[in-house]
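In listed order, ligands and their atoms are each counted from 1.
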Amino acid sequence: MSEPTLAAVATRWYDENARDLPWREPGVSAWAVLVSEVMLQQTPVVRVLPAWHAWLSRWPGPAELAADPPAEAIRMWGRLGYPRRALRLRDCAVALVERHAGTVPADLHALLALPGVGDYTARAVLAFAYGQRHPVVDTNVRRLVARAVAGAADAGPTTRPADLVATEELLPAQPAAAARASAAFMELGALVCTARTPRCVDCPLAARCAWLASGEPAPTGPSRRPQRYAGTDRQVRGLLLAVLRESTDPVSRDRLDLVWSDDVQRARALATLVEDGLVTSHGDTLYTLPGALAHTPPNAPPL
Ligand code: SF4
């Protein structure tokens, strides 16, 4: 009798160990899956959970989000980080309304043509919302495949076509089984085959893992330092945006000057927020979130 495939072993493990996450529940809309994938790209599950629920209860579909100004998307995004994702998600909602009558297409090319939807997100939506067979390759899957199949300690630099081929080769032919295997690989990479300390003793792939079989060779690439946040422009941008999110009125430059004492860094952070379309400047003295004036009370100062 032939050995079960890596996908079969991973899927069996997933059936018993997968986290109970709301975007995995049967009947969840493709829009809800898309929102979860965008939120999860740079933010841990525990922080995404409340934000995902709040977002979908306010905007259950693309049409509802597209009807609100970008300012509202940025407000709802709150402190999830990397707030350009909020803008892109709203741009995506607008495009879904204009091109697909407010539905999420079940087609790779149509998805890839949407604002903010890249290789990973498009394939994740097709696999997890529509049960299609596509290699879904995030950082965790790249690392898992590099170790279990190629015997390397780390995945090395991204080589998109090669990553897609290496993962697709592991998927079963049947679409629903392939979609489940994709979810299983992601979960194993996130929970067991972690970047710094893989838990090989708990791993269902251990008996077949090329990295273990070759004596756990050390990584060959440069080690990655954790990203610093304190004192960076990212922190200053976050502080400036927090003031604007919390205000329903236009905010004066003087008020924004209070959030960070370094004039040069503060000005640079504000300029990049304007450049990114996350903040609108009104004559260099007043600032709002983009499109916020539609929600400005009638007694707001004239601009
Ligand atoms: S045995 Fe260890 S290194 Fe290999 S796939 Fe599992 S967790 Fe990763």
Take Arg123 and Glu168 through the salt bridge (charged side-chain N to carboxylate O under 4.0 Å, His left out) test and state the conclusion after the steps.
CA-CA 11 Å; Arg123 288 177 172 83; Glu168 183 163 20; over 6 Å; no

Tell me whether Ser247 contacts the main-chain N or O of Leu244 through its side chain, where contact means a donor paired with an acceptor under 3.5 Å.
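Pair absent, no side-chain N/O of Ser247 close to backbone of Leu244.
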
Is there a donor-acceptor contact under 3.5 Å from the side chain of Ser214 to the main chain of Trp211?
yes

Decide whether Arg85 and Thr43 meet the rule of one side-chain donor and one side-chain acceptor closer than 3.5 Å.
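Yes - a donor-acceptor pair under 3.5 Å links their side chains.
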
Under a 3.5 Å threshold, yes or no: a donor from one side chain and an acceptor from the other, between His282 and Thr288?
yes

Cut-off under 2.8 Å, centre atom 4 (Fe) of ligand 1, protein N/O/S atoms:
Cys209 SG

Return the set of residues passing side-chain hydrogen bond (donor to acceptor under 3.5 Å, both in side chains) with Gln41 (not counting sequence neighbours), or none when no residue passes.
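So Gln41 forms a side-chain hydrogen bond (donor to acceptor under 3.5 Å, both in side chains) with Thr121.
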
